[in-house]
Amino acid sequence: MTRLQWPRIVARAADIVTGYDEVGGCTLRQAYYRLVVEGLIPHTASTYRRLSARLAQARREERFPDLIDPLREVHVPPAWPDAGAFLREAPDWFALDRTAGQATAIYVACEKDTLRAQLTGWLARPGIPVLVVRGFGSQSYAHVVRERTCRAVSTPARTTARTRRRWGGRTSRTT
């Protein structure tokens, strides 16, 4: 590959990141893979590190939109400047549990935490819960889902998992 054109790469990365604004943002890794697929950068660890450094510098200079970082979060309790502001926002906080009492409930699980922001952005309005398993199933998750789906239904819970994976060009499904 020829010498990387970093100003062009950073500008394209900014376009990619802002394209994810409506669904909760974009991670560095998502932007990296999009740039790789578009042929702007090679798929190497050193290029990933250089991209990270270039985008961090652009963010410090306020020339680049914020990326989401699913591993680091500042935990601040909700607060409002006054009671009126709270009352104006309260209706947006109220939501019924749409899975309560249903004979069938849909949960969406994904492996990568980088997809959490997009999935919750897409699925919050219909009230579909999202689980991030990070490569491994969890008995704790299974227990929470089972408890949530059984609490108001007289029939026992049944869990069906559907996955679709591509390995070596073949698609396999498990149910």
Joint hydrophobic cluster, L87 plus W80, side-chain heavy atoms closer than 4.5 Å |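 Per the 4.5 Å side-chain linkage, L87 and W80 are co-clustered.
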Hey, any chance Y32 and I68 share a hydrophobic cluster, counting ILVMFWY side chains that come within less than 4.5 Å of each other, even indirectly?
->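 Y32 and I68: separate clusters.
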Over all atoms of both residues, closest heavy-atom pair of [X] and [Y]:
X: V132; Y: R116; result: CG2-CB, 3.8 Å
X: A31; Y: C26; result: N-SG, 3.8 Å
X: L40; Y: L4; result: O-CD2, 3.6 Å
X: P129; Y: I106; result: CD-O, 3.4 Å

Do any N or O atoms from the side chain of [X] and from the backbone of [Y] form a donor-acceptor pair under 3.5 angstrom?
X: S52; Y: Y48; answer: no
X: R88; Y: G84; answer: yes
X: E62; Y: R60; answer: no
X: Q118; Y: G25; answer: yes

Drop me the distance from W6's CH2 to I41's CD1, to the nearest 0.5 angstrom.
->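 Atom-to-atom, W6:CH2 and I41:CD1 are 6.0 Å apart.
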Could you tell me whether the side chain of V17 reaches within less than 4.5 Å of the side chain of Q30, counting heavy atoms only?
->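 Sidechains of V17 and Q30: no contact.
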Are any of the side-chain heavy atoms of R50 and T47 separated by less than 4.5 Å?
->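 Side-chain contact under 4.5 Å: yes.
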